[in-house]
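The block underneath contains the structure these notes are about, expressed in structure tokens.
In what follows, every chain begins at residue 1, and chains take the letters A, B, ... in the order their sequences are listed. Values reported hereafter were calculated over all heavy atoms of this structure, with side chains retained and with hydrogens, waters and symmetry mates removed.
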2 protein chains.
Amino acid sequence: MAEAAIAITNELPVPGNVPVSPKRMAIVAAAGKLFVGNGFGATSMDAIAAEANVSKRTVYSHFDNKEALFAGVMEEACTSQRGEEGCPLNCDADITAVPPKEMLHQVALHVLTIITAQQTTELFRVVMGESGRFPELGRTFWDNGPGWVLETVTDYLGAATAAGLLNVDDPKKAARQFFGLMVDPIKLELTLGLRGEPTAAEVETMSADAAEAFLKIYG
Amino acid sequence: MAEAAIAITNELPVPGNVPVSPKRMAIVAAAGKLFVGNGFGATSMDAIAAEANVSKRTVYSHFDNKEALFAGVMEEACTSQRGEEGCPLNCDADITAVPPKEMLHQVALHVLTIITAQQTTELFRVVMGESGRFPELGRTFWDNGPGWVLETVTDYLGAATAAGLLNVDDPKKAARQFFGLMVDPIKLELTLGLRGEPTAAEVETMSADAAEAFLKIYG
DNA sequence: GTCTATAAAGGGATAGAC
DNA sequence: GTCTATCCCTTTATAGAC
């Protein structure tokens, strides 16, 4: 009986067998669209309910208030954009089998492809704008994005140095420098709306430049 | 008669003999405080008028609408924070007389001191959050901040290479790399509220590291 | 769980006197 | 330029029926 009810109200089970209400998903999707488009303060719960084709009372039955809904949207967005699977540093193969230049190039390619995407930029804007008022939001974003990259690269640089492929004295500092060489100031220009998403060729060039510059420091 | 009226209504003339209404200044200051604290969408014109101890009608007599007021706040904030005067690249002395390492160190120190300040971070958050909806705002911020730094550093790197002090083939690209080595990912951590303003000693270390790393690439 | 209806408050913008 | 007073609309959140 209980299982039948779950089957009816949850048409789209997600991996891990966690049942997610389709109405809840619609609300989160609608809220995400409107928060990104209009900002947090200028988005009304009315508009979210209308966009989700759901009554306002239903919104409040899933989320206690506007802030909780915002947090839900960001959690969803962050986890759906992590993209760990495609990362060259996240495979099972021996990372020291690939030349560092090639490895760093691939990592930069992966990271830049994700963070220069239009959708990422729009999410980024909202997170930046609201992280002053939602401290936990900044932490969630960091852990699911830049923080994860830094950690992963730090580990790689340590391993590559241990294998004699690189000459990195402080892997943490070096990872931060590589991060800076990759993303700046392109990320800033994108966020400020001063340029559009780069082409694949441009991303390729930026990645190669970042890897090359990094190797001149630690090669 | 007209001069007398100006003298009465403008108690605080600014350098350049441009008279600025004290009420207008109060409005801009109040709006800046509230926009930073609550975001653009969640800040009301009522609240701004109250914070400025001014009637709402007075706000509308100085700024046509909320957007115009926001633009005014950002223009003021950007110009007041440029800090060009203290920049080592903006003095009259011969820039090639100083060793590049020392010069880059001083530049990084100057830039990092400005952009890691609490006030800058708070402004930065608002600009990021709203630049999707106010394209001109992103441009204004860029021109008065990062864009100016990049341009200035690009010029310096070209001059230093011409003088035989550096070996920079592409000054524009190199300036962007120096920018990345300086500000990332500390700027991101600050914006996300994950850490507080660094100490003077930390800024000093970051500046030295950036200059040192850059010279390993182009020294 | 979901809806319609509504309460209670606050939003942007304006009119007209001084 | 500045103020008081106000229009008209939208907001968040809740009540009560189904």
Practice item. Give Ser44(A) one of three labels, base, sugar-phosphate or nothing, depending on what nucleic acid heavy atoms sit under 4.0 Å from its own. Key: sugar-phosphate

Review point. Taking the six-membered ring for Trp, are Phe35(B) and Phe70(B) parallel (under 30°), tilted (30 to 60°) or perpendicular (over 60°)?
Key: perpendicular

How close or far is atom [atom2] of [N] from atom [atom1] of [X], stated in whole angstroms?
X: Lys66(A); N: dG11(C); atom1: NZ; atom2: P; answer: 12 Å
X: Arg24(A); N: dT2(C); atom1: CZ; atom2: C1'; answer: 16 Å
X: Asp46(B); N: dT11(D); atom1: CG; atom2: C1'; answer: 14 Å
X: Leu69(A); N: dA13(D); atom1: CG; atom2: P; answer: 11 Å

Check your understanding: Any side-chain N or O of His62(A) under 4.0 Å from OP1/OP2 of dT2(C)?
Key -> yes

Check your understanding: For Thr58(B) and dG1(D), is the shortest distance between a side-chain N/O and OP1 or OP2 below 4.0 Å?
Key -> no

Measure from the side chain of [X], starting at C-beta and using heavy atoms only, and say which of [options] lies closest.
X: Asn65(B); options: dT2(D), dG12(C), dA13(C); result: dA13(C)
X: Tyr60(B); options: dA15(C), dT12(D), dA13(C); result: dA13(C)
X: Ser21(B); options: dC3(C), dT2(D), dA13(C); result: dT2(D)
X: Lys56(A); options: dG1(D), dA13(D), dT6(D); result: dA13(D)

Review point. Does a donor on one side chain and an acceptor on the other come within less than 3.5 Å for Glu204(A) and His105(A)?
Key: yes

Exercise for review: Would you state whether a donor and an acceptor, one from the side chain of Lys23(A) and one from the base of dG1(C), lie under 3.5 Å apart?
Suggested key: no

